[in-house]
Student: 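The structure under discussion is supplied below as structure tokens; questions concerning it will follow.
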Amino acid sequence: MNSNVYDEATTKVKKLRRSRTDKMVAGVCGGVAKMIGVDAALLRIILVAATLLGFGTGAILYVAAWILMPEEDAAM
């Protein structure tokens with residue numbers, strides 16, 4: 001009975017992963033968009049604005065996320 005409760009709890013957890021399908025460079029924006037439920041294009045626009053207006057901060061955050069976020073599992 002405990003394993004059933006554990007299985008139900010872990011299936012509802014959203015995991016932050018880089019997208020394999022919705023990607024332009026590394027899939028970071030696609031993965032974040034899938035997790036929070038928004039369009040990836042909106043996140044890309046916000047990232048470009050953060051890069052231009054924040055003196056490169058958006059690009060640094062993107063590269064850090066690229067390195068730290070694992071890629072999602074291959075769909076079978």
Side-chain angles (χ1 to χ4, degrees):
M1 192 144 109
N2 281 340
S3 67
N4 189 22
V5 172
Y6 177 75
D7 291 338
E8 288 178 16
T10 56
T11 56
K12 294 179 183 178
V13 174
K14 293 182 179 181
K15 295 182 180 179
L16 181 58
R17 303 273 190 239
R18 288 186 289 128
S19 176
R20 286 183 178 260
T21 56
D22 188 11
K23 66 186 199 177
M24 296 190 100
V25 177
V28 172
C29 289
V32 172
K34 185 185 288 186
M35 189 182 108
I36 63 174
V38 298
D39 190 25
L42 178 64
L43 288 180
R44 290 181 183 115
I45 291 169
I46 292 170
L47 182 69
V48 168
T51 301
L52 295 175
L53 300 174
F55 304 106
T57 305
I60 293 170
L61 291 174
Y62 189 88
V63 170
W66 188 354
I67 293 169
L68 296 174
M69 284 175 58
E71 194 169 36
E72 70 182 357
D73 299 330
M76 296 196 190

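Quantities reported herein were computed from a predicted structural model and do not represent experimental measurements.
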Student: Is the backbone of Arg20 close enough, under 3.5 Å, to the side chain of Glu72 for a donor and an acceptor to pair up by distance?
Tutor: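 Yes, Glu72 side chain to Arg20 backbone: donor-acceptor pair under 3.5 Å.
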Student: Is there a chain of hydrophobic side chains (I, L, V, M, F, W, Y, each step under 4.5 Å between heavy atoms) that links Leu43 to Val25?
Tutor: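 Same hydrophobic cluster.
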Student: Work out which heavy atom in Asp22 is nearest to a heavy atom in Ala40; give both atom names and the distance.
Tutor: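 Closest approach of Asp22 to Ala40, heavy atoms only: OD2-CB, 3.2 Å.
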Student: Considering non-hydrogen atoms only, spot the tightest contact between Ser19 and Gly30 and give its length.
Tutor: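 Heavy-atom minimum between the residues: CB-C, 3.8 Å.
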Student: Are Val38 and Met69 connected, step by step, through hydrophobic side chains (Ile, Leu, Val, Met, Phe, Trp, Tyr) whose heavy atoms are closer than 4.5 Å?
Tutor: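 Yes; tracing contacts between hydrophobic side chains, which count when under 4.5 Å, links both residues.
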Student: Taking all non-hydrogen atoms of both residues, which atom of Arg17 and which atom of Glu71 are closest, and how far apart?
Tutor: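 Between these two residues, the closest heavy atoms are CD-O, 4.0 Å.
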Student: Mind checking whether Leu47 and Ile36 sit in one hydrophobic cluster, side chains of I, L, V, M, F, W, Y counted as touching below 4.5 Å?
Tutor: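 Same hydrophobic cluster.
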Student: Which residue, Thr51, Thr57, Val28, forms the side-chain contact (heavy atoms from CB on, under 4.5 Å) with Tyr62?
Tutor: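 Filter result, single survivor: Val28.
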Student: Is there a path of hydrophobic side-chain contacts, each under 4.5 Å between heavy atoms, that joins Met24 and Ile45?
Tutor: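 Different clusters: Met24 never reaches Ile45 through Ile, Leu, Val, Met, Phe, Trp or Tyr contacts under 4.5 Å.
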Student: Would you say Phe55 and Ile46 are hydrophobically clustered, going by side-chain heavy atoms of ILVMFWY under 4.5 Å?
Tutor: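 No, Phe55 and Ile46 fall in different hydrophobic clusters.
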